[in-house]
Amino acid sequence: MIEKVGLNSAISRLFIRKFLYPVRILAINQLLYPSNLYPYSDKEPPMTLKTVATTPYDDQKPGTSGLRKKVSHFQQPNYLENFVQAIFDSIGDYQGQTLVLGGDGRYFNLQAIQIILKMAAANGFGKVLVGQNGIFSTPAASVVIRKYQAFGGIILSASHNPGGPDEDFGIKYNTGNGSPAPEKITDTIYAHSQVIEQYKIMENTADIDLSQPATFDLEGMQIQVMDAVADYAQLMADLFDFDAIKSLFSNGFSLCFDAMHAVTGPYAVEILENQLGAARGSVINGIPKTDFDGGHPDPNLVHAHELAELMFSENAPDFGAASDGDGDRNMIVGNNIFVTPSDSLAILTANAHLIPAYKDKLYGVARSMPTSQAADMVAKKMGLDCYETPTGWKFFGNLMDADKVTLCGEESFGTGSNHIREKDGLWAVLFWLNILAVRQQSVADIVDEHWLEYGRNYYSRHDYEAVDSDSANQLMSLLRDKVTTLSGSTLGSLTVSYSDDFCYTDPVDQSISEHQGIHIGFTDGSRMVFRLSGTGTSGATIRIYYESHETRPDNMHQDTQEALQELIQLSLSLSQLQELTGRSEPTVIT
Ligand code: VG1
Ligand code: CO
């Protein structure tokens, strides 16, 4: 099927280029220019496929999830074009094949899409599936790549980073399985960006109208503007028991979903309100804005404060949730209770048998290294394999493709499954709603029962944002030296059982990823992890993650920061954070 499409489109491209195209250009030029002014001879129509000479930028190394920079950085001459051409030069033979294209709707999304469409045509793609108005949430892009067997996709997003002319933009490539490109491809993209001399683009072609579903031809390449929500919504209906969730809502269950003026608004309104019958207005901040209304579209209690205030008030609805800029993260909150993302992964795993799509088989579970070990406890009891990967969703793709894991999660408000190859915010919300519909208990009761059965993993992450890069690097290298000698030693009341700089060997392709974070584990099961963010755009962000395991039933409801106090103090003295960075407090605590 793919080959046939490829062949057909290759033939039609040839036909259009050789015969139709020159005729059309001539006709247009005759119209545009009176005959005495017509600047080109009949034999030499203006070429629209242009090869543009360019020089490399030295900073196009993709981070945890694609290349992220300030908008103005992306607007430098050829900056975007260089990176897109570097992607095309790194992904193999896509001639005549299909590319998926869309983004989270942030500032510069539409301009970038028009440029990428023209570059895709010039570089020989047969077809581009682009979301209406240039929109695809990250999970929806993954759905579309898989469903239409595309060669790959380009997703324009800086996720939870703020948007607007002075804020961030981002771009990443996903492979044909719908997964963020693995490191070997992102490394190749970077290598190409460092030696790039030219890029190809169609010139003198009008912008494509993306305002409604339609099909266009761009010099032989087909462009299909698609409803950005429909395929995603259909997949959700296939996975979950929509009837059970509908009756939950019709029985008066209340919900508040904060879309944070980011991409998830239209998806949430369609699925939660239109299809499942949640009350109108259950989705708040549902209109996507190019600058997220000046907010920081990161679904945590700090940034989703409108939701947080509501959920911890007397008028709290039964269930609250929020998603991020590109729709792949989720925060789950019950009436007066916050569910940590690490606990959420564990609870979804323990309750997967209640969900149509997961009731028959769970392969295994995976979590990123800094994520708490709550899921490990569940996996152990259920006899499931549990994998620990570096931070970033790209590391889960191989495990899912090889049927080693079904559910995956990260502490950074990311949860997902093998239904696609990205984390998926609304999917997690629907999973929770399906559990609540079946169990007919409150979020708080479900969490409490879970802790009683598996123990509670107190968990917190402290971020020190926009720290001077040199100081942050110095802190990490000092720690790297220290950890080699810590094992067996006593720190405060704790004894170190292991400490190293996390190195991951992919169990499927044996690729090795080094320096993925300093982790120090203690004999009582508690841990701390230090790493530098790979998604920020100003200075460095130091992330410190803390976890301790509590099994005494009477100690399940302590304040998290207090429960982790000893670890927090230890981390500060061990890393000399204050001396090296001048910071006495984290900028964000989650
Ligand atoms: C952060 C999170 C990580 C997540 C990544 C992308 O990375 O910690 O867990 O996968 O963002 O998420 P870092 O390197 O800044 O810690 V998103 O929502 O941008 O797609
Ligand atoms: Co995101």
Side-chain angles (χ1 to χ4, degrees), residues 61-69 103-106 136-142 155-163 168-174 178-181 183 186 259-260 262-264 267 292 296-300 303-304 322-331 340-342 345 366-372 388-397 408-416 420-428 459 461-467 472 476 502 513 515-517 529-545 587-588 590:
K61 189 171 176 57
T64 312
S65 183
L67 183 68
R68 293 185 190 175
K69 303 281 176 200
D104 62 14
R106 68 178 58 230
F136 272 134
S137 74
T138 292
S142 189
I155 301 178
L156 305 172
S157 168
S159 187
H160 52 290
N161 299 13
D168 293 353
F169 187 74
I171 172 168
K172 69 172 177 171
Y173 178 70
N174 280 32
S179 166
E183 276 193 332
T186 54
M260 305 189 82
V263 79
T264 337
Y267 295 85
F292 310 118
H296 196 134
D298 199 351
N300 56 44
H303 294 305
S323 191
D324 70 333
D326 61 331
D328 56 359
R329 296 186 178 202
N330 71 91
M331 174 170 70
T340 71
S342 299
L345 174 65
R367 61 164 174 83
S368 66
M369 185 272 278
T371 303
S372 98
E388 184 178 52
T389 60
T391 293
W393 211 259
K394 60 189 170 214
F395 294 102
F396 295 134
C408 309
E410 291 192 279
E411 49 64 43
S412 54
F413 299 82
T415 342
I420 52 172
R421 296 293 181 272
E422 286 279 4
K423 55 186 183 269
D424 190 344
L426 262 176
W427 168 91
Y459 187 83
R461 184 178 100 189
H462 290 197
D463 292 337
Y464 295 82
E465 295 172 318
V467 168
M476 288 303 289
F502 184 54
S513 304
H515 306 302
Q516 297 299 321
V529 175
F530 301 80
R531 58 180 285 282
L532 297 186
S533 158
T535 57
T537 57
S538 30
T541 294
I542 301 168
R543 302 201 196 283
I544 314 182
Y545 312 73
T587 33
V588 179
T590 50

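Note: hydrogens, waters and symmetry copies are ignored here, and every other heavy atom, side chains too, is used. Counting starts at 1 for both ligands and their atoms, following the listed order.
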Review point. Can you name the residues that come within less than 4.0 Å of ligand 1, going by heavy atoms only?
Key: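 Those residues closer than 4.0 Å to ligand 1 by some heavy atom are T64, S65, R68, S159, H160, D324, D326, D328, R329, T391, G392, E410, E411, S412, K423, R461, R531, S533, G534, T535, R543.
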
Exercise for review: Determine whether the side chains of T340 and S342 contain a donor N or O and an acceptor N or O closer than 3.5 Å.
Suggested key: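 Looking only at side-chain atoms, S342 and T340 do not form any donor-acceptor pair under 3.5 Å.
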
Review point. Does any donor atom in the side chain of N174 or S142 lie under 3.5 Å from an acceptor atom in the other side chain?
Key: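 N174 vs S142: no donor-acceptor pair found between side chains.
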
Point to revise | From CA spacing to verdict: side chain to side chain contact (heavy atoms under 4.5 Å, CB included), R461, S412 | key: CA-CA 9 Å; R461 184 178 100 189; S412 54; 3.6 Å; yes

**Study point:** Pairing of R367 and E388 as salt bridge, 4.0 angstrom limit
**Key:**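 Looking at E388 together with R367, the answer is yes, because their closest N to O distance falls below 4.0 Å.
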
**Study point:** Test side chain to side chain contact (heavy atoms under 4.5 Å, CB included) applied to S159 and R68, step by step
**Key:** CA-CA 9 Å; S159 187; R68 293 185 190 175; 3.5 Å; yes

Practice item. Report yes or no: does D324 contribute a side-chain atom to a donor-acceptor pair with the main-chain N or O of R329 at less than 3.5 Å? Key: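 Flag set: sc D324 to bb R329 pair under 3.5 Å.
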
Point to revise | Donor-acceptor pair, side chain of D104 and main chain of R106, under 3.5 angstrom | key: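 Here the side-chain-to-backbone pair exists.
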
Review point. Given M260 and F292, is the side chain to side chain contact (heavy atoms under 4.5 Å, CB included) satisfied, shown in steps?
Key: CA-CA 7 Å; M260 305 189 82; F292 310 118; over 6 Å; no

Review point. Between atom OH of Y545 and atom OG1 of T371, what is the distance when rounded to the nearest 0.5 Å?
Key: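 These two atoms lie 8.0 Å from each other.
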
Exercise for review: Report the protein N/O/S neighbours of the Co ion (ligand 2) that fall below 2.8 Å; do not count waters.
Suggested key: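 Sorted hits: S159 OG, D324 OD2, D326 OD1, D328 OD1.
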
